[in-house]
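Worksheet for the structure shown next.
Bear in mind that the values here come from a model prediction, so they are computed numbers and not experimental data. First the proteins, then the strands, lettered A, B, ... as listed; each starts at 1.
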Amino acid sequence: MTDSSSAQPANLVEIHNLVFHRGKRAIFDGVSVNVARGKVTAIMGPSGCGKTTLLRFIGGQLRPDSGRVLVEGRNVPDMKRDELFATRARMGLLFQSGALFTDLSVYENVAFPLREHTRLSEDLIRELVLMKLEAVGLRGAENLMPAELSGGMNRRAALARAIALDPALIMYDEPFAGQDPIVMGVLVTLIRTLREALGLTSVIVSHDIDETLSIADYIYVLADGKVIGEGTPDALRASESPFIQQFLNGHPDGPVRFRYPVPSFAEELAAAKLKAGGRN
Amino acid sequence: MEAIRRLGEAALESLRTLGSAGTFLFQALIALPNPRKNFPLLIQQLYSVGVLSLAIIVVAGLFIGMVLGLQGYSILVTYGSEQALGTMVALTLVRELGPVVTALLFAGRAGSALTAEIGLMKATEQLSSMEMIGVDPLRRIVAPRFWAGFISMPLLALIFSAVGILGGHLVGVDWLGIYDGSYWMNMQGSVEFWDDVGNGVIKSVVFGAVVSWIAVFQGYDCEPTSEGISRATTRTVVYGSLAVLGLDFVLTAVMFGGF
């Protein structure tokens with residue numbers, strides 16, 4: 001464990017023993033994740049294992065049942081409202097849907113965080129917005145409305161908005177889901193450039209194996225509310241865990257079952273027959 | 001036994017909802033005003049909630065006034081007191097129909113739009129992304145919409161009543177031939193500014209707060225699916241209308257019930 005009392009802990013985000021239930025279902029059952037400064041940390045796992053939910057804890061939108069979520073050494077669930085909003089202003093989250101404000105143009109969307117959190121002059125805001133749009137290759141599209149953008153442009157505009165305030169941490173929620181190969185390539189390049197040029201700490205939640213392995217420095221694999229494997233991409237590829245091999249290679253059967261957990265079909269048919277027979 | 005248990009459960013559930021609606025409104029409204037940012041937002045909402053509702057309010061007011069003129073005339077003429085038509089039309093409108101019908105139309109026209117808009121923002125994660133940018137959607141989205149409804153409602157109700165009185169004039173004076181002077185004179189003589197107009201305005205202020213509150217809360221609280229939004233929109237119109245009619249009885253009893 002790192003020393004979280006020092007001014008600059010090596011990990012920007014530390015999650016210790018996170019437990020969270022939704023109804024009776026345990027989403028997280030003792031998950032611990034560290035996000036190192038200046039690195040790309042990926043969180044992978046099958047759909048529905050709570051990867052996106054984990055980002056909501058870092059952003060303080062959900063409260064854990066127990067466990068701690070430290071951002072810059074401070075526990076997010078303990079933060080007061082104002083402190084929480086100030087912390088959020090230093091993070092960017094790229095939503096899976098982009099979540100651009102549909103009543104504002106691309107320009108106004110990117111300018112939104114700047115207008116809300118700074119008192120910069122209109123000239124300076126314009127310069128910053130165009131700079132961010134240039135970085136994602138959308139300068140010239142600033143007057144379009146979100147409804148006029150293609151899926152890939154939408155996500156890039158949202159990325160420009162997420163980095164508008166030059167955050168210390170950026171989180172990508174399924175950045176590659178539903179994108180064509182070209183857009184995927186563009187996004188991979190963008191994420192890598194952001195990290196190399198700005199030293200941005202990044203968290204990627206994804207289940208696109210190749211793209212994620214190619215940009216991540218460290219990977220956590222979640223399943224059934226637990227971290228079942230972690231390591232560098234090479235270490236994971238070499239892992240002997242049957243689950244990780246199933247996940248990385250996309251085998252339909254293995255430790256993770258293809259079928260929903262129910263009694264076997266034959267048993268159910270037999271039981272139904274028995275019931276019908278009893279009635280006669 | 002089971003029925004009683006379920007009744008209690010439903011009662012607790014609705015109390016819980018009322019409580020969360022209360023804290024929701026409190027959190028949205030309790031904030032230091034920041035005129036530079038909030039004023040343009042409020043103006044924008046006043047336009048979409050208030051100004052765009054004008055057409056339906058004016059048309060409805062005109063027809064209601066004309067119907068009142070016809071019905072009132074046919075009743076009053078049997079007693080030979082058709083000269084009192086102006087009084088009847090004006091009192092009915094400023095005391096009752098102005099605030100109530102405006103609030104009902106408002107719930108259908110603007111309330112449902114507010115709910116659907118906020119609900120869709122929730123479903124498309126716009127509220128969530130606003131939170132993550134570090135901006136409170138309660139203050140940024142909900143508060144200006146609530147205030148816009150609160151401010152527009154009394155103004156719309158006054159316009160409704162004024163147009164209705166003109167509609168009554170159109171039918172009573174221009175068509176059925178009541179003497180113009182007596183339409184206005186009797187009205188002037190019997191409508192009290194504070195007791196009638198003032199109480200009507202108080203009613204519509206209350207309705208404005210309640211309908212806007214229901215509309216923004218239903219939008220914010222809805223299940224973020226297309227089905228959830230449609231249910232929330234329906235609830236806004238149903239709860240909003242019922243609340244207006246119920247409160248109208250209570251307010252009328254307090255204002256005019258002291259015989």
| Within the 6.0 Å centroid threshold, strictly below: B:Phe106 and B:Phe207 |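 Ring centroids of B:Phe106 and B:Phe207 are no less than 6.0 Å from each other.
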Chain B contact via [X] - which portion, at a heavy-atom distance below 4.5 Å:
{"X": "A:Arg90", "answer": "neither"}
{"X": "A:Leu100", "answer": "backbone"}
{"X": "A:Thr87", "answer": "neither"}

Pair [X] + [Y], salt bridge at N-O below 4.0 Å:
{"X": "A:Arg126", "Y": "A:Glu122", "answer": "no"}
{"X": "B:Arg139", "Y": "A:Glu116", "answer": "no"}
{"X": "B:Arg16", "Y": "B:Glu13", "answer": "yes"}

| message | Quick check for you: among A:Arg115, A:Arg81, A:Arg88, which has the greatest number of heavy-atom pairs under 4.5 Å with chain B? | response |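 Among A:Arg115, A:Arg81, A:Arg88, the one with the most close pairs to chain B is A:Arg88.
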